[in-house]
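Counting starts at 1 for both ligands and their atoms, in listed order.
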Amino acid sequence: MNDMAQHTQIRGLLASGEPMERALARGWVRTRRDSKGLSFVELCDGSSLAGLQVILDWDALGKEALADVSTGASIECEGALVESPGKGQRWELRASRVTVLGKCDPSYPLQKKRHTDEFLRGIAHLRPRANKYGAMFRLRSEAAHLIHGYFRDLGFFYVHTPIITGSDAEGAGELFRVSTPAAPGAGESAGQGDAFFGRPASLTVSGQLEAELLAMGLGRVYTFGPTFRAERSNTPRHAAEFWMVEPEAAFFDLEDDMALAEGLVRHVASGVLSSRAEDLGLFSRFVDAGLEGRLERLTGAPYHRVSYDEAVGILKKSGREFEYEPAIGADIQTEHERFLTESHFNGPVFVFDYPKGIKPFYMRLTDDGERVRAMDLLVPKVGELIGGSQREERPGPLLSRIGELGMDPSAYWWYLDTRRYGTVPHSGFGLGFERLLMLLTGVSNIRDVIPFPRTPGSLEF
Ligand code: 4AD
Ligand code: MG
């Protein structure tokens with residue numbers, strides 16, 4: 001097992017420049033077709049969308065020995081890699097030996113046919129072997145690497161912020177509580193499960209506050225980790241557990257922040273287009289016919305930027321009948337986001353300078369004291385992809401906002417300290433990683449871009 005050469009993946013064989021006298025392939029049987037004394041097997045090992053065609057000759061291998069080579073079984077085969085006379089593939093493996101590593105029970109639910117997304121969610125333990133999910137999770141991996149590369153090149157340090165916290169960074173009350181089971185014999189008494197930390201604890205809704213502390217020492221940092229929100233709204237764009245990318249940069253103002261966000265989305269979109277074109281092709285063929293055009297817009301012209309007031313003005317003048325009437329001071333709803341990105345701008349758009357009443361406490365007030373220097377990046381089909389802001393670095397206005405919102409300043413003493421000890425202007429944002437994947441693939445349900453989704457009522461696997 002020390003010889004890594006034995007572990008050639010199928011993608012390596014498919015990319016071979018010349019025939020090979022002896023090649024070894026291992027994987028799962030995607031399909032088997034029998035014809036005229038031969039079995040044609042499509043073998044996949046997850047390394048690429050395309051599988052390897054393996055030819056099994058009944059005379060040479062014995063037909064009985066092939067009985068267990070069925071859809072879903074795992075096999076190892078050895079033979080010559082030769083140019084394929086058939087259509088659709090350059091190479092095929094003429095097996096001189098085949099070993100079944102793991103038989104597949106005939107009840108295997110992943111047969112060669114189009115299954116619905118709902119059905120496949122019910123077998124999430126097996127769906128990584130389905131074409132679409134293999135492609136998705138390879139893209140997910142690539143997008144994560146591209147994100148790390150982008151920040152690394154710009155001098156951002158990757159930091160790890162806590163998952164268990166004692167504060168609600170967004171102040172929206174969507175926390176999951178963390179507690180310990182009651183001690184045996186003890187009755188149910190309020191707050192008993194909080195004894196471990198000596199105070200109520202929850203899963204983080206955002207690493208931002210801690211990222212800000214780190215940015216005050218390291219300058220440019222980012223987090224990329226799991227985030228938890230107990231949002232009761234059961235929508236195709238919300239998960240209870242999702243991954244967020246949160247950069248935080250000292251000396252960045254809101255314009256720098258938007259440029260950083262736009263650069264990130266461009267970098268990832270052009271990166272997957274060049275490195276995972278095969279996987280993306282599946283999504284433009286079978287999932288979303290408009291995908292190619294949308295990806296072009298992500299990497300093309302500069303993204304639009306409009307103030308919140310302008311955006312509301314556009315919505316009011318649109319002549320559309322919205323369920324929620326657009327109004328200054330009210331939040332921009334999903335239907336409004338869709339109109340702006342899909343009908344009006346037909347591409348990504350930043351909306352900035354929101355009324356303070358609909359945004360969290362930490363955003364920097366504008367001079368009129370009514371708006372905050374917030375920005376959201378809205379994109380077609382997904383809506384809000386990114387939410388960010390310039391932070392309130394002045395101790396006075398920050399304390400006033402905390403007071404106005406009825407929050408307890410003593411719970412944020414450490415956050416407030418950074419404003420007393422050498423405060424600097426700084427900015428950051430949060431990008432929902434699953435929403436980015438929805439944008440890149442056209443998949444319309446968040447449950448299909450994460451291997452084992454957690455949503456209300458769903459905790460299997
Ligand atoms: O806009 P949000 O709530 O911003 C923050 O949490 C800030 N603290 C980020 C920061 O400035 N560091 O969330 C950021 C993004 C959203 O734009 C959305 O893409 C995603 O996180 N998001 C979710 N994704 C999936 N499921 C959910 N329940 C989500 N809630 C937010
Ligand atoms: Mg937001």
- Query: Which residue owns the protein heavy atom closest to atom 14 (C) of ligand 1, what's the atom, and how far is it?
  - Reply: Gly430 O, 3.5 Å
- Message: Please determine whether the number of non-hydrogen atoms from other residues, nucleotides or ligands lying under 6.0 Å from atom CD of Gln111 exceeds 12.
- Response: yes
- Do Arg127 and Asp448 meet the salt-bridge criterion of a basic N to acidic O distance under 4.0 Å? yes
- Item | Lys381/Glu342 ion pair, N-O < 4.0 Å | no
- Message: Could you check whether any heavy atom of Phe433 sits closer than 4.0 Å to an atom of ligand 1, since that is the contact criterion I want to use?
- Response: no
- With a 4.0 Å cut-off on heavy atoms, is Glu434 touching ligand 1? no
- Message: Over 60° means perpendicular and under 30° means parallel, so tell me whether Phe156 and Phe252 are parallel, tilted or perpendicular.
- Response: perpendicular
- Does Arg391 come within less than 4.0 angstrom of ligand 1, counting non-hydrogen atoms of the residue? yes
- Flag the pair Lys132 and Asp117 as a salt bridge only when some basic side-chain nitrogen lies within less than 4.0 angstrom of an acidic carboxylate oxygen. yes
- Message: At under 4.0 Å between heavy atoms, is it the side chain or the backbone of Ile446 that contacts ligand 1, or both, or neither?
- Response: side chain
- Message: Side chain, backbone, both or neither: which applies to Met438 and ligand 1 if a contact is any heavy-atom pair less than 4.0 Å apart?
- Response: neither
- Query: Any salt bridge between Glu325 and Lys316, counting N to O under 4.0 Å?
  - Reply: no
- Query: Arg237 near ligand 1, heavy-atom distance under 4.0 Å?
  - Reply: yes
- Note on the structure: Under 4.0 Å between heavy atoms, the region of Glu170 that gets near ligand 1 turns out to be side chain
- Nearest non-hydrogen partners of Asp45 and Arg26, listed with the distance: CB-O, 3.3 Å
- Message: Between Glu262 and Arg305 (salt bridge meaning N to carboxylate O under 4.0 Å), is one present in this structure?
- Response: yes
- Does the pair Arg391/Asp257 count as a salt bridge with the N-to-O cut at 4.0 Å? no
- Query: Which ligand 1 atoms does Gly432 reach within 4.0 Å, using its non-hydrogen atoms?
  - Reply: 15 (C), 19 (O), 20 (C), 21 (O)
- Record the part of Phe242 in heavy-atom contact with ligand 1 below 4.0 Å; permitted values are side chain, backbone, both and neither. side chain
- Item | Lys356 bridged to Glu404 by N-O distance under 4.0 Å | yes
- Should Glu212 and Arg419 count as an ion pair when the cut-off is N to O under 4.0 Å? yes
- Task: Would you mind telling me if ligand 1 is within reach of the side chain of Glu384, the backbone, both or neither, using heavy atoms under 4.0 Å?
- Result: both
- Message: With 2.8 Å as the threshold, which protein atoms of type N, O or S lie near the Mg ion (ligand 2)? Leave waters out.
- Response: Glu384 OE2
- ligand 1 versus Leu385: contacting region, heavy-atom distance under 4.0 Å: backbone
